[in-house]
Amino acid sequence: MSTNDIPSGTQTPIDGNSLLEKDKVDQGPNDNIDDQLPNIPAKGLKDYWSISIFCLLVAFGGFVFGFDTGTISGFVNMTDFLERFGQVHEDGTYYLSNVRVGLLVSIFNIGCAVGGIFLCKVGDMYGRRVGLMFSMLIYVVGIIVQISSSHKWYQICIGRAITGLAVGTVSVLSPLFIGETAPKSLRGTLVCCYQLCITFGIFLGYCVTFGTKKLSGTRQWRVPLGLCFLWAIFLVLGMLCMPESPRYLVEKHKIEDAKKSIARSNKLSVEDPAVYTEIQLIQAGIDREALAGSASWTELITGKPAIFRRVVMGIMLQSLQQLTGDNYFFYYGTTIFQAVGMKDSFETSIVLGVINFASTFVGIWAIERFGRRLCLLTGSAGMFVCFIIYSVIGSVHLYKDGEYNNNNTYVSSGDAMIFITCLYIFFFACTWAGGVYTIISESYPLRIRAKAMAIATAANWLWGFLISFFTPFITGAIHFYYGFVFTGCLLFSFFYVYFFVNETKGLSLEEVDELYAENIKPWKSSNWVPPTPEQMATTTGYAAESKAQVEQV
């Protein structure tokens with residue numbers, strides 16, 4: 001790219017770097033900024049169909065996670081699985097102890113936490129596409145370890161831990177990749193597609209285990225595991241077609257490749273002036289980040305603007321997403337509905353999967369229509385009411401004569417609890433499920449985005465491990481009183497979102513930095529007006545103070 005083609009008043013890349021210097025240009029009061037910096041024109045969804053398809057391919061990584069969630073709840077109730085990996089009662093029946101069930105379900109989350117923190121670095125080093133393909137290689141290894149097991153339950157645990165490493169990496173890179181590539185007018189919708197793929201995976205997992213539970217021998221659980229190879233192949237093929245993140249390319253000084261990526265994503269010519277403007281804005285954001293601090297781990301605490309505050313917010317939101325109690329139902333759905341008197345709990349799980357999947361479409365529409373904050377607040381309030389009703393019925397009016405016996409329950413109370421569960425899943429799926437991933441994907445500067453998202457996502461996996469491991473013990477001790485724990489967490493989540501979560505709807509990733517730099521109160525952030533494109537492209541913004549300090553040195 002020749003510097004002669006760069007208009008005065010903009011940043012000038014020099015030797016692969018960019019100096020945040022603004023040429024002094026006389027501007028009359030009637031100068032039109034949009035004429036100086038042509039922007040990518042706003043388009044409708046139909047004009048973005050190609051990038052939408054690309055982002056859906058990235059979002060398919062969520063399907064891999066969802067399919068695991070949907071199948072493991074069925075595995076622990078399959079006859080062949082129990083005979084091979086369980087223990088024997090005195091009456092000759094097979095069962096899985098609470099410890100084994102807890103480990104089989106939760107060890108996956110530990111692998112996810114480790115993979116999300118450490119293996120996501122591949123995405124920073126070699127690109128988001130390569131990072132996702134690398135994760136699928138690890139995923140295949142984990143599936144092979146599981147599917148080759150015959151009688152050793154701990155081999156299943158080892159395999160699930162390995163697949164967790166891959167899924168943890170995907171859980172960081174997929175929303176990050178979509179957030180960096182999608183047009184800002186559709187970013188929330190397309191990031192929510194990651195959650196849509198999770199719900200579709202859960203639903204399909206329920207359906208597959210329902211279909212295979214009647215098969216003989218190891219086909220009950222090996223067929224669902226074998227399907228995972230197809231998911232890995234599909235995701236790798238999708239990444240071969242996906243353009244690389246333009247922000248990653250600009251950071252690596254691959255300007256021409258970044259121009260091609262932006263042009264392809266927005267259906268523009270590579271030589272379109274609006275493409276160059278977008279390059280300027282991205283480069284300006286990278287330069288401000290460089291002046292504000294290095295990309296070390298300590299930057300998560302000391303970085304500007306308000307990096308530590310944003311990291312804490314990410315950790316809290318991801319933790320609270322688990323503490324809403326969603327995986328209490330998804331991981332142990334078949335077991336829970338056996339407790340309320342359902343003869344075939346697999347069928348009920350499919351119903352929950354359908355509601356979860358369908359409700360996510362509501363979330364995809366609502367996240368851009370009403371914004372991030374309102375969606376989360378509505379979800380917290382709705383789930384709070386549902387869990388109160390669910391917990392009261394389950395703990396007071398489910399068991400006859402107060403005896404905790406699955407064969408001694410009121411059918412009407414069980415039906416009411418299933419209805420409330422369905423309503424709860426509706427509120428979760430259309431608010432917190434995708435809303436958290438959307439906020440996390442657009443809240444961090446490029447230099448620390450992968451690290452911050454990895455820490456936040458690791459908190460999600462850690463709480464997922466604790467909930468999935470200890471749930472069998474807790475429900476065995478206090479039964480449905482357990483629901484009051486999640487009720488309290490939901491009440492807390494409402495106030496946390498109101499006082500600490502900013503609205504980022506409609507903002508570019510660079511404008512989000514300015515939002516935090518101006519220290520806007522979260523409850524006022526919906527009305528914040530970002531700087532003009534010229535100001536974003538030609539000023540140091542929040543990094544001005546850091547720049548002055550560097551120049552003095």
Side-chain angles (χ1 to χ4, degrees), residues 116-117 120 172 175-176 179-180 184 187-188 191 247 285-323 371-377 380 432 435-460 462-463 489 492-531 536 540-547 549:
I117 292 177
C120 71
V172 174
L176 182 151
E180 292 181 348
K184 65 181 182 180
R187 188 173 62 237
V191 171
R247 287 171 173 80
I286 292 174
D287 290 338
R288 281 191 290 270
E289 293 172 16
L291 288 176
S294 63
S296 64
W297 284 97
T298 57
E299 175 74 357
L300 298 181
I301 299 175
T302 62
K304 298 178 181 179
I307 298 299
F308 182 67
R309 173 186 162 192
R310 286 189 264 181
V311 170
V312 171
M313 180 200 69
I315 293 172
M316 290 298 297
L317 286 181
Q318 289 282 27
S319 299
L320 288 170
Q321 189 194 57
Q322 283 287 341
L323 291 171
R372 287 51 162 159
R373 278 172 52 86
L374 184 57
C375 282
L376 294 189
L377 290 171
S380 293
W432 276 77
V436 169
Y437 286 112
T438 300
I439 293 174
I440 298 303
S441 71
E442 60 192 14
S443 291
Y444 303 115
L446 178 64
R447 71 183 185 278
I448 55 96
R449 186 169 296 143
K451 291 185 176 69
M453 288 185 65
I455 293 293
T457 307
N460 184 296
L462 178 60
W463 279 107
C489 294
F492 172 78
S493 70
F494 181 90
F495 290 102
Y496 183 82
V497 170
Y498 184 83
F499 288 107
F500 295 101
V501 177
N502 279 322
E503 180 58 70
T504 51
K505 170 191 170 185
L507 301 180
S508 70
L509 300 181
E510 290 71 34
E511 289 168 347
V512 171
D513 280 339
E514 292 298 326
L515 168 66
Y516 279 93
E518 294 185 23
N519 198 27
I520 303 298
K521 300 298 182 183
W523 54 90
K524 297 181 179 179
S525 58
S526 299
N527 298 320
W528 180 73
V529 179
M536 291 293 295
T540 56
Y542 65 82
E545 181 180 350
S546 299
K547 179 186 178 185
Q549 294 175 353

Looking at Tyr516, does the NZ or CZ of Arg310 lie under 6.0 angstrom from its six-membered ring centre and within 45 degrees of the ring axis? yes

Those residues that, when tested against Ser319, pass side chain to side chain donor-acceptor pair (under 3.5 Å) (two or more places apart): Trp463

Closest heavy-atom pair, Val172 versus Met453, reported as atoms and distance to 0.1 Å, is O-CE, 3.5 Å

To check you understand the geometry: which heavy-atom pair defines the closest contact between Ser525 and Ile520, and what is its length? CA-CG2, 3.8 Å

Applying side chain to side chain contact (heavy atoms under 4.5 Å, CB included) to Leu300 and Phe308, what does each step give before you reach the verdict? CA-CA 6 Å; Leu300 298 181; Phe308 182 67; over 6 Å; no

Quick one: closest heavy-atom pair of Trp528 and Glu511, and the distance? CH2-O, 3.5 Å

Between atom CD1 of Ile439 and atom CD of Gln318, what is the distance when rounded to the nearest 0.5 Å? 10.0 Å

Hey, is the main chain of Thr438 close enough, under 3.5 Å, to the side chain of Ser441 for a donor-acceptor pair? yes

Could you tell me which residues satisfy ring-ring contact (aromatic ring centres under 6.0 Å, His included) with Tyr496, sequence neighbours excluded, listed by chain and number? Phe500

Identify which one of Arg449, Arg247, Arg187 satisfies the side-chain hydrogen bond (donor to acceptor under 3.5 Å, both in side chains) criterion when paired with Glu180. Arg449

For Ala459 versus Ile315, what's the shortest heavy-atom pair and its separation? CB-CG2, 3.8 Å

Taking every heavy atom of Ser443 against every heavy atom of Met313, the minimum-distance pair comes out as OG-CE, 3.6 Å

Rounded to the nearest 0.5 Å, what's the gap from CZ on Arg373 to OG1 on Thr504? Could you check? 10.5 Å

Shortest non-hydrogen pair, Pro522 vs Asn502, comes out as CA-OD1, 3.1 Å

Give, for atom CG of Leu317 and atom CZ of Arg372, the distance between the pair rounded to the nearest 0.5 Å. 13.0 Å

Could you give the distance from CD1 (Ile117) to CD1 (Ile455), rounded to the nearest 0.5 Å? 4.5 Å

Check the angle between the aromatic planes of Trp523 and Phe499 and answer parallel, tilted or perpendicular using the 30° and 60° thresholds. perpendicular

Measure the CG-CH2 distance between Leu323 and Trp432 for me, rounded to the nearest 0.5 Å. 9.5 Å

To the nearest 0.5 Å, what is the distance between CD (Gln321) and CG (Leu376)? 9.5 Å

